[in-house]
Amino acid sequence: MKIDNVLKAYASHRYAILFYSLLSTLAAVPLLVALGYDAKLLEIFLALSLLAGALGFETGWRKRVFLVLTVAALMAHFALPQRFLGVMPAMPTFWTVIALLSAASALRSTRIDAEHIYAALSAYLLAGVFFGVLYSGVEQVWPGSFNIAGAKGDFPLFDAIYFSFVTLATLGYGDLLPVSEVARGLAIVEAVSGQLFLAVMIARLVSSHSQMAGGRER
């Protein structure tokens, strides 16, 4: 019974958990790396967060299929030698797509509540992770796609995710620059998509939620 209660509690707050776990990961991992911990922590924490996203699917065959595929991808990524995984970071891309689908599935409902807003916010963070993985893959396939100030010749995953969120938020610090056509094209798509998502989807959800809350108070 206790396990059932825990699962029910998770199901009713799964997107809030996903959002805060992603936010905590993105904030805590740089600090841990600066303190001397292994940079592999980013992949581990992201894997756990994205696994939580895969659990966000509603009950049914889709949830079972995606959960099995996600667990298999996690095991393959951490168990197999890097040379067997190919040059493109396919496993992290797969995890992120799964979690994005999970968050997007919550946005199809006409009933707007706090979980739908958390799902939309999670989708925004997951988009940043997704493009970060793509940037990392682009640099691996086409070395020199990014001009990195003070770099030592490598482009770790966290740097790619950092550049992704700087682009998504249209900050443009200038310490990382896309120089290849593919990298620039992806940066344009991410920047435009991120602003459209915030301006249209998040604003609509918050407005609808406020209207529903006001209607209940009357």
Asks: Distance from Ile17 atom CD1 to Ser24 atom OG, nearest 0.5 Å?
Replies: 11.5 Å
Asks: Any side-chain heavy atom of Tyr118 within less than 4.5 Å of one from Tyr20?
Replies: yes
Asks: Kindly indicate whether the side chain of Phe131, heavy atoms from C-beta on, has any atom under 4.5 Å from the side chain of Ile161.
Replies: no
Asks: Can you see which heavy atom on Ala123 is nearest to which on Phe197, and at what distance?
Replies: CB-CZ, 4.1 Å
Asks: Using modelled atom types and a 3.5 Å cut-off, is there a donor and acceptor pairing between side-chain atoms of Thr170 and backbone atoms of Thr167?
Replies: no
Asks: Pairs of donor and acceptor atoms involving the side chains of residues 181-192, under 3.5 Å and at least two apart or interchain, shall be tabulated with distances.
Replies:
| unit_1 | atom_1 | unit_2 | atom_2 | d |
| --- | --- | --- | --- | --- |
| Arg184 | NE | Pro178 | O | 3.2 |
| Glu190 | OE1 | Tyr135 | OH | 2.6 |
| Glu190 | OE2 | Ser164 | OG | 2.5 |

Asks: Can you see which heavy atom on Leu26 is nearest to which on Phe165, and at what distance?
Replies: CD1-CZ, 3.6 Å
Asks: Do Leu126 and Leu196 belong to the same hydrophobic cluster, where Ile, Leu, Val, Met, Phe, Trp and Tyr are linked whenever their side-chain heavy atoms lie under 4.5 Å apart, directly or via other members?
Replies: no
Asks: Can you tell me how far CG of Leu22 sits from CG of Leu121, rounded to the nearest 0.5 angstrom?
Replies: 11.0 Å
Asks: Quick one: pull up CG in Leu168 and OH in Tyr124 and give me the separation to the nearest 0.5 Å.
Replies: 3.5 Å
Asks: Output the distance between atom CZ (Phe146) and atom CG (Leu176), rounded to the nearest 0.5 Å.
Replies: 8.0 Å
Asks: What distance separates Ser122 OG from Phe19 CZ, expressed to the nearest 0.5 Å?
Replies: 6.5 Å
Asks: Would you mind reporting whether Tyr173 and Tyr162 have side-chain heavy atoms less than 4.5 Å apart?
Replies: yes
Asks: When you measure from the side chain of Glu139 to the backbone N and O of Ser145, does any donor-acceptor pair fall under 3.5 Å?
Replies: yes
Asks: How would you list, by chain and number, every residue that makes a side chain to side chain contact (heavy atoms under 4.5 Å, CB included) with Leu177, sequence neighbours excluded?
Replies: Asn147
